[in-house]
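So the structure is just underneath, and the comments pick up after that.
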Amino acid sequence: MVFLDVLKVIVFQGPSGAGKTTLQKNLGIPKIVTWTTRSPRVDERDGIDYHFVDIQTFQHMRDNDRMLEFTEYKSNFYGTTLDSIA
């Protein structure tokens with residue numbers, strides 16, 4: 001008998017302020033903390049809102065296939081690591 005692990009991924013995509021986080025919270029879906037090279041804002045906490053890293057660390061993770069997805073926006077990188085969804 002073969003058992004397959006099924007990974008279900010729900011993607012909320014939209015511009016800043018569209019309500020992605022509100023929707024995720026209201027549905028009771030756990031938040032995946034993504035990675036960024038930008039500086040934290042005043043009310044943001046590392047490991048809670050984002051994982052804040054320098055560009056070299058981010059590029060190393062990307063170049064070593066640790067990223068599921070990534071993008072560059074306004075000279076900053078943003079991405080989701082593979083191990084964050086495992």
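Sequential numbering from 1 along the given sequence is applied to the chain's residues.
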> Taking it one step at a time, do Leu27 and Phe12 satisfy side chain to side chain contact (heavy atoms under 4.5 Å, CB included)?
Replying inline: CA-CA 12 Å; Leu27 292 174; Phe12 297 114; 4.0 Å; yes
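Judged by distance alone, the side chain of Glu44 and the main-chain N or O of Asp49 form no donor-acceptor pair under 3.5 Å. Checked by atom type and distance alone, the side chain of Asp54 pairs as donor or acceptor with a backbone atom of Gln56 at under 3.5 Å. Looking only at distances, no side-chain donor or acceptor of Lys31 sits under 3.5 Å from a matching main-chain atom of Gln24.
No continuous path of hydrophobic side-chain contacts links Ile29 to Val11 [ILVMFWY only; heavy atoms under 4.5 Å]. When the side chains of ILVMFWY residues are joined at heavy-atom separations under 4.5 Å, either directly or via intervening members, Val33 and Trp35 end up in two distinct hydrophobic clusters. Under the 4.5 Å side-chain contact rule for hydrophobic residues, Leu82 and Met67 do not share a cluster.
Taking the side chain as every heavy atom from C-beta outward, Thr34 and His51 never approach each other to under 4.5 Å. Side-chain contact between Thr80 and Ile32 is present, with at least one heavy-atom pair separated by less than 4.5 Å. Side-chain contact between Phe52 and Thr57 is absent, with no heavy-atom pair separated by less than 4.5 Å. The closest side-chain heavy-atom distance from Leu68 to Thr81 is not below 4.5 Å. Two residues are said to be in side-chain contact when any heavy atoms from C-beta on lie closer than 4.5 Å; Tyr78 and Tyr50 meet this criterion. Contact check for Asn64 versus His60: side-chain heavy atoms found under the 4.5 Å cut-off.
Taking the six-membered ring where tryptophan is involved, the planes of Phe77 and Phe58 are essentially parallel, since the angle between them stays under 30° and well short of 60°.
For Lys20, the NZ atom counts as densely surrounded, since its 6.0 Å shell holds more than 12 non-hydrogen atoms of other residues, nucleotides or ligands.
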